[in-house]
S.K.: 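Before we start, here is the structure in question, set down as structure tokens.
Because the structure is predicted, anything quoted here is derived from the model rather than measured. Every chain is numbered from 1 and lettered A, B, ... according to where its sequence line falls, protein lines coming before strand lines. Scope of the values below: all heavy atoms of this structure, side chains included, with no hydrogens, waters or symmetry mates.
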Amino acid sequence: MTVTRFAPSPTGRLHAGNIRTALVNWLLARQDGGRFVLRMDDTDLARSSEASAVSIRADLAWLGLVPDVEVRQSERFALYDAALARLAAAGRAYRAYETPEELELKRKVQLQRGLPPVYDRAALALTQADHDGKAAAGIAPHWRFRLDTATPIRWHDGVRGDCHFDPAALSDPVVRRADGTWLYMLPSVIDDIDLGITAIARGEDHVTNSAVQIQMFEALGAPVPQLAHMALLTGADAALSKRIGSEGVDAWCAAGIEPQAVVALLARIGTSQPVEAVANVADLLPGFALSSFGRAPARFDPGDLLALNARTLHLLPYAAVADRLPDGMGEAGWLAVRGNLATLAEAADWQAVIAGPVVAAAEAEDRDFIVAAATHLTGLDWGDDIWARWVAVLKIETGRKGRGLFHPLRHALTGRDTGPEMAALLPLIGRAAALARLHAAAA
RNA sequence: GGUCCCUUCGUCUAGCGGUCUAGGACGUCGCCCUUUCACGGCGAAAACACGGGUUCGAUUCCCGUAGGGAUCACCA
């Protein structure tokens with residue numbers, strides 16, 4: 001069974017990149033009936049906020065990506081303490097005392113010499129007496145994970161294929177600060193082990209982290225999950241970004257974007273599969289494959305969202321939108337109108353056309369025709385096929401056809417030049433209202 | 001500066017030495033579906049970054065150049 005996780009730090013709202021990561025992990029889990037875990041990475045208490053956690057949950061719910069379990073790292077520190085102790089006992093974690101400033105200086109010097117800015121492991125040479133001295137002086141250590149620099153790191157990546165890293169080019173990561181607070185690297189691994197995570201899909205900004213974390217999994221005696229690193233999304237041009245906002249859910253919501261459009265785009269962008277509208281996130285499940293992701297960064301254009309949104313609306317069933325439709329709009333109204341919508345909000349405009357009032361003066365040359373049309377309509381039995389029968393009669397009686405026949409009727413009845421099929425609209429408008437509008441138009 | 005990844009139509013991509021006069025999708029344009037919008041159908045324009053190799057033959061392999069992305073934190 002596949003168990004995946006989405007591990008945001010609650011320091012802000014979700015954005016396109018985040019959402020794609022969440023979506024891909026959700027798809028991976030759901031594809032074989034596995035579990036999807038939401039893990040709040042809130043080890044950095046100062047930057048994390050409850051408000052962010054709440055908004056992340058809300059955003060995921062809106063998108064339809066509901067987790068099976070949620071955990072927060074801030075409640076799991078005891079687990080991390082125990083794991084670090086094991087690592088220390090095994091010689092895979094050690095204490096160090098350099099200040100950030102000292103480390104910064106060392107890095108600068110290395111860079112100037114054209115050397116990779118890797119931690120020199122000076123702390124490894126410290127004796128017990130050195131440690132005692134620090135303790136006596138009231139200086140607490142921070143902890144580093146000791147990499148095994150002798151063994152090349154390899155893994156088969158779900159999207160990048162075979163990957164390899166030379167651990168000697170990597171620094172032993174600091175895993176815990178002197179004040180006892182935790183950094184991302186190790187707790188993430190400990191949780192992945194504890195929660196039984198079997199697959200991790202994330203952005204390629206994590207590849208070197210993965211190299212380090214692979215050694216952590218091994219040092220902790222746990223199997224390494226399947227790893228996959230997706231190329232990052234790059235933004236489109238500024239004009240479009242400003243219009244819809246590539247920032248996140250709230251902006252999309254405000255612009256009338258449906259969650260289905262968001263997930264449909266994000267699930268396929270950067271893959272070899274075509275972007276297509278879906279009525280439900282689950283419709284993305286069949287055929288989803290990490291291997292279809294390209295390795296080059298893909299451009300995310302929020303403008304595409306608008307077009308996809310329209311296509312999404314065109315196929316949404318009544319049940320999916322019923323509670324958000326304008327008063328008075330039933331299933332027939334929705335089906336008649338959805339094909340003409342770019343955003344759901346526009347449904348209200350069409351409901352106004354259906355329910356009226358509509359007054360649209362006919363062109364001078366069409367007045368007689370409209371009068372005749374009203375007369376013929378009066379003589380017909382009302383029914384769902386009224387439009388077809390009415391138009392057929394008018395065609396014969398007035399000799400009009402094509403645009404000259406249809407356009408004046410559409411305009412008089414709806415006040416507009418374009419819109420949904422009149423055959424669907426007329427029964428919704430109703431006999432009395434239709435006649436009233438025709439008379440008004442001809443007056 | 002080190003390391004890793006990438007470079008095919010406007011966009012996302014297929015392509016894993018000859019089947020490529022380079023395929024698909026979105027977008028664009030045109031035609032059709034006896035009005036419009038939409039849907040659908042049909043069709044069109046549109047791409048192998050550059051330079052060297054290797055080879056009988058390179059989009060495909062190698063090297064270099066240029067360009068792009070990522071990373072080298074006591075952020076996550």
S.K.: When you list every nucleotide of RNA chain B with an atom under 4.0 Å from a heavy atom of chain A, which one comes first 5' to 3', and which comes last?
M.R.: B/rG1 to B/rA76
S.K.: 5'-most contact on RNA chain B: A/Arg107 or A/Ser272, nearest heavy atom basis?
M.R.: A/Ser272
S.K.: Who is the Watson-Crick or G-U wobble partner of B/rC16, with both distances under 3.5 Å?
M.R.: none
S.K.: Whether the side chain of A/Ser9 engages the backbone of A/Thr11 through a donor-acceptor N/O pair (distance < 3.5 Å, no angle test) should be reported.
M.R.: no
S.K.: Under 4.0 Å, counting only non-hydrogen atoms across every strand here, what does A/His229 touch: a base, just sugar-phosphate, or nothing?
M.R.: nothing
S.K.: For the residue pair A/Val337 and A/Asn340, establish whether any side-chain heavy-atom pair is separated by less than 4.5 Å.
M.R.: no
S.K.: For A/Ala298, which contact category applies under a 4.0 Å heavy-atom criterion: base, sugar-phosphate, or nothing?
M.R.: sugar-phosphate
S.K.: Base, sugar-phosphate alone, or nothing: which one does A/Lys395 contact when heavy atoms must sit under 4.0 Å apart?
M.R.: base
S.K.: Between A/Asp301 and A/Leu265, which heavy-atom pair has the shortest distance, and what is it?
M.R.: O-CD1, 4.4 Å
S.K.: How would you label the contact of A/Leu111 with the nucleic acid (heavy atoms, under 4.0 Å): base, sugar-phosphate, or nothing?
M.R.: base
S.K.: At 4.0 Å (heavy atoms only), tell me whether A/Arg295 reaches a base, stays on the sugar-phosphate, or touches nothing.
M.R.: sugar-phosphate
S.K.: Taking the same atom, P, in B/rU59 and in B/rU54, what whole-Å distance lies between them?
M.R.: 16 Å
S.K.: What's A/Thr99 touching, base or sugar-phosphate or nothing? Going by heavy atoms closer than 4.0 Å.
M.R.: base
S.K.: State plainly whether the residues A/Glu204 and A/Arg295 are in salt-bridge range, i.e. N to O under 4.0 Å.
M.R.: no
S.K.: Write down the distance separating the C1' atoms in B/rA46 and B/rG23, rounded off to the nearest Å.
M.R.: 14 Å
S.K.: Answer with base, sugar-phosphate or nothing: what part of the nucleic acid does A/Asp179 contact at a heavy-atom distance below 4.0 Å?
M.R.: nothing
S.K.: With heavy atoms under 4.0 Å as the rule, sort A/Leu103 into base, sugar-phosphate or nothing.
M.R.: base
S.K.: Both A/His407 and A/Pro297 contact RNA chain B. Taking the nearest nucleotide for each, which residue is further toward the 5' end?
M.R.: A/His407
S.K.: Taking pairing as Watson-Crick or G-U wobble with both contacts under 3.5 Å, can you name the mate of B/rC26, or confirm there isn't one?
M.R.: B/rG10
S.K.: When you compare B/rG15 with B/rC61, how far apart are their P atoms, in angstrom units rounded to a whole number?
M.R.: 12 Å
S.K.: Between A/His142 and A/Ala178, what is the shortest heavy-atom contact and its length?
M.R.: CB-N, 3.7 Å
S.K.: Kindly give the heavy-atom pair with the smallest separation between A/Leu290 and A/Ala228, and that separation in Å.
M.R.: CD1-CB, 3.7 Å
S.K.: Would you indicate what A/Asn340 reaches in the nucleic acid, counting non-hydrogen atoms under 4.0 angstrom: base, sugar-phosphate, or nothing?
M.R.: base
S.K.: What are the two closest heavy atoms between A/Met40 and A/Leu38, and how far apart are they?
M.R.: CE-CD2, 3.9 Å
S.K.: Counting any heavy atom closer than 4.0 Å, what does A/His142 reach on the DNA or RNA strands: base, sugar-phosphate only, or nothing?
M.R.: base
S.K.: With rounding to whole Å, what would you report as the distance between B/rC31 and B/rG67 at their P atoms?
M.R.: 45 Å
S.K.: I'd like the C1' distance from B/rU19 over to B/rU60, given in whole Å.
M.R.: 13 Å
S.K.: Using the P atom in both, what is the distance from B/rC37 to B/rA25, to the nearest Å?
M.R.: 23 Å
S.K.: Suppose you measure atom C1' in B/rG17 against the same atom in B/rA58; what distance do you get, rounded to whole Å?
M.R.: 6 Å
S.K.: Determine whether the aromatic ring centres of A/His206 and A/Tyr184 lie less than 6.0 Å apart.
M.R.: yes
S.K.: Taking pairing as Watson-Crick or G-U wobble with both contacts under 3.5 Å, can you name the mate of B/rG64, or confirm there isn't one?
M.R.: B/rC50
S.K.: With a 4.5 Å limit on heavy-atom distance, are the side chains of A/Tyr80 and A/Val175 in contact?
M.R.: no
S.K.: Select base, sugar-phosphate, or nothing to describe what A/Arg311 touches, counting heavy atoms under 4.0 Å on all strands.
M.R.: sugar-phosphate
S.K.: Would you indicate what A/Gly270 reaches in the nucleic acid, counting non-hydrogen atoms under 4.0 angstrom: base, sugar-phosphate, or nothing?
M.R.: sugar-phosphate
S.K.: Should B/rC4 form a Watson-Crick or G-U wobble pair with both distances under 3.5 Å, which nucleotide is its partner?
M.R.: B/rG69
S.K.: Taking B/rU13 as the reference, what is the distance to B/rU8 when you measure between their C1' atoms (whole Å, please)?
M.R.: 9 Å
